[in-house]
Amino acid sequence: MLTQAPRGTRDILPEEAGKWVFLENKFREICRRFSYKEIRTPVFEHTELFQRGVGETTDIVEKEMYTFLDKSGRSITLKPEGTAPTARAYIEHKLYTQTLPVKLFYIIPGFRYERPQAGRLREFHQFGIEAFGSESPHIDVEVMLLAVSFLKNLGLDDIKLHINSIGCETCRSDYVKALKDFLGESRQNLCDTCRSRLDRNPLRVLDCKNPDCQRTLKEAPAVLDFLCEKCKTHFETIKNDLSLLKIDYKVDPRIVRGLDYYTRTVFEIISDDLGAQSTVCGGGRYDNLVQECGGPTTPAAGFGMGIERLITILEKKNLLKIPEEKVDVYIAPLTEEYGNTALRLLYRFRENGISAETDYLKRSLKAQMKYADKIMAQFVVLIGEEEESSGFYTVKDLATGQQQKVAGDKIFEYISNNIRKGCGEVE
RNA sequence: GUGGAUAUAGUUCAGUUGGUUAGAACGCCAGAUUGUGGCUCUGGAGGUCGUGGGUUCGAGUCCCACUAUCCACCCCA
């Protein structure tokens, strides 16, 4: 227990960490191109934020939150998602007084108390963006496009964009009523969970995977047929934009999303390389959230993308090969006698921006050479009796095996002129 | 919260119908004529067999509980 990370959490060891930094840089870069600015919000928030923002009847709020009382009795919750906190910050700092739209991105950990499984952890991480202040369908498209371009840039060409519209409050309530009426008649054909969903949140019956439920749903009324004129036009524009931009997509009436704040557009990006949790990115429009949380009426749209899931996919496709960190020069004192000379040299290299390493384990020369090889040093500088008396260092290039003498004061110039670029650098 | 599978060295695994000092590969460390790496060879360290009970003359091997991991349901990133 003591020596084990809590269930559903993971350590990111040095080898992994390089991949994370690589992806974070890529994400920041695409956000820059779309002119989204980074925002960092706290790891925990007041519990009410999620109750109100995400929705009391959602699974997240009902059973998955890490909630506790702090020492003064306030109810605190580790954030289970990124949109509500971002909306809160947007309202708190009155970002709506700035020029609209306000476009933000974030890289956050999220926490949900669930049984871990493939692609699902209790602490997970996501990239996310939110665009506040525009109800233009072109913003919905921009949000999707940022995600799609990001994934395509990483080399993923077979991801699928699924879109749907669940309408605004007015057309949705008409639809929910119709759906309820329809499903009420065939209640006995539904699975147990769907029967309870029918009363609490009928839309969710739509994405039940139970074959009996799916069969029943075949005849069910479709959301898209209930959209009001405005919602219909909004959705049509999105589809036109996507075609115009030559982005493949599929209208999938089954996606409804499990968070209450969505209105109109919802979308998912699906990959076959994940297990049962096939969604790598999910998002949509949420025109009421900001107001619901006490801000001014503010239409908005955004997405969340699971970093662990993304890494899983990239790894399956062999698209995440990060070169190992290399060392420019290893300094090998033949014996402890030359330790001081080695130490001085070591720090002069480091001060000059050259990565340098030396022996800390009293290794023999042979063992030092092995070590230099293992840490992928490009050069080894040998310091022994010959060197001390002659004033020349012996420099060996480990890749070629060639060795030569370099005058003491020329060593820095020599090494920096001969470092092979592209080693250990991401991109 | 429910169901299924699994749990042996740092890692991936073997371990015969329960029977004496629990093995391999890779990794790690050290050597192979005295100032030199990668390949090869030799040797070495490292395991209270997830934890706790039980059955038995005897358990890594059988039974139970707990914990964790993996997979699925629910739901989501």
Side-chain angles (χ1 to χ4, degrees), chain A residues 1-10 13 15 54 57-65 79-83 107-128 147 191-194 196-197 201 204 207-210 255-259 262 266 268-271 274-283 302-313 330 332-335 337-338 361-388 394-403:
Chain A
M1 222 63 198
L2 184 64
T3 54
Q4 192 159 26
R7 181 161 211 204
T9 67
R10 284 199 181 301
L13 298 174
E15 196 190 346
V54 177
T57 65
T58 59
D59 277 24
I60 291 178
V61 171
E62 277 188 342
K63 48 186 196 191
E64 295 172 1
M65 296 205 299
K79 60 183 166 199
E81 58 98 51
T83 301
I107 302 174
I108 54 160
F111 304 86
R112 289 183 203 171
Y113 189 86
E114 298 179 271
R115 281 279 279 266
Q117 116 188 34
R120 194 167 63 196
L121 294 163
R122 288 183 172 181
E123 181 189 26
F124 58 98
H125 298 263
Q126 50 182 223
F127 294 132
C191 67
D192 290 348
T193 41
C194 279
S196 71
R197 273 195 273 235
N201 202 334
R204 293 238 206 103
D207 70 351
C208 182
K209 287 163 197 150
N210 183 305
I255 62 174
V256 294
R257 319 250 71 225
L259 290 77
Y262 287 108
V266 289
E268 286 183 6
I269 297 175
I270 313 283
S271 165
L274 293 163
Q277 315 304 321
S278 57
T279 305
V280 64
C281 178
F303 72 70
M305 182 183 294
I307 303 180
E308 286 87 351
R309 289 184 188 179
L310 176 58
I311 290 176
T312 305
I313 304 171
Y330 177 83
L334 261 66
T335 64
E337 236 179 293
Y338 308 102
L361 292 166
K362 296 182 181 167
R363 289 191 227 256
S364 66
L365 178 62
K366 196 187 181 88
Q368 292 194 60
M369 293 302 292
K370 279 192 182 182
Y371 179 67
D373 189 60
K374 190 161 303 158
I375 65 177
M376 296 186 291
Q378 192 182 150
F379 296 102
V380 172
V381 175
L382 292 120
I383 307 169
E385 199 198 333
E386 272 179 41
E387 288 74 12
E388 289 270 89
T394 303
V395 180
K396 179 166 187 171
D397 183 324
L398 284 188
T400 63
Q402 303 229 319
Q403 206 161 288

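Letters A, B, ... mirror the listed sequences (proteins, then strands); counts begin at 1. Below, each value reflects all heavy atoms present in this structure, side chains not excepted, and no hydrogens, waters or symmetry copies.
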Please confirm whether any donor atom in the side chain of [X] sits under 3.5 Å from an acceptor in the base of [N], or the reverse.
{"X": "A/Arg112", "N": "B/A77", "answer": "yes"}
{"X": "A/Lys396", "N": "B/G37", "answer": "yes"}
{"X": "A/Glu123", "N": "B/A77", "answer": "no"}
{"X": "A/Asp373", "N": "B/G38", "answer": "no"}
{"X": "A/Glu387", "N": "B/G35", "answer": "yes"}
{"X": "A/Gln403", "N": "B/U36", "answer": "yes"}

Given [options], the nucleotide with the shortest approach to the side chain of [X]:
{"X": "A/Arg115", "options": "B/A68, B/A77, B/G1", "answer": "B/G1"}
{"X": "A/Gln277", "options": "B/U69, B/G38, B/C74", "answer": "B/C74"}
{"X": "A/Ala276", "options": "B/C73, B/G38, B/G35", "answer": "B/C73"}
{"X": "A/Ala118", "options": "B/C71, B/A77, B/G35", "answer": "B/C71"}

How close or far is atom [atom2] of [N] from atom [atom1] of [X], stated in whole angstroms?
{"X": "A/Lys370", "N": "B/A30", "atom1": "NZ", "atom2": "C1'", "value": "8 Å"}
{"X": "A/Tyr371", "N": "B/C28", "atom1": "OH", "atom2": "C1'", "value": "14 Å"}
{"X": "A/Gln368", "N": "B/C29", "atom1": "CD", "atom2": "P", "value": "13 Å"}

Below 4.5 Å, heavy atoms only, C-beta onward: do [X] and [Y] meet side chain to side chain?
{"X": "A/Leu334", "Y": "A/Glu385", "result": "no"}
{"X": "A/Arg7", "Y": "A/Arg115", "result": "yes"}
{"X": "A/Leu398", "Y": "A/Tyr330", "result": "no"}

Any side-chain N or O of [X] below 4.0 angstrom from OP1/OP2 of [N]?
{"X": "A/Arg10", "N": "B/A68", "result": "no"}
{"X": "A/Gln117", "N": "B/C73", "result": "yes"}
{"X": "A/Arg7", "N": "B/U69", "result": "yes"}
{"X": "A/Arg363", "N": "B/C29", "result": "yes"}
{"X": "A/Lys374", "N": "B/C29", "result": "yes"}
{"X": "A/Lys366", "N": "B/G35", "result": "no"}

Distance, C1' atom - from B/U8 to B/G4, rounded to whole angstrom =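 Between the two C1' atoms, the distance is 23 Å.
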For nucleotides B/G53 and B/A72, find the distance between their C1' atoms and express it as a whole number of Å.
-> 31 Å
Atom pairs, N/O to N/O, protein against nucleotides 8-11 of chain B, distance under 3.5 Å?
none

What nucleic acid atoms does A/Gly304 come within less than 4.0 Å of, heavy atoms only: base, sugar-phosphate, or nothing?
-> sugar-phosphate
Which part of the nucleic acid, if any, lies within contact of A/Leu310, taking any heavy atom under 4.0 Å across all strands shown: a base, the sugar-phosphate backbone alone, or nothing?
->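 It contacts nothing in the nucleic acid.
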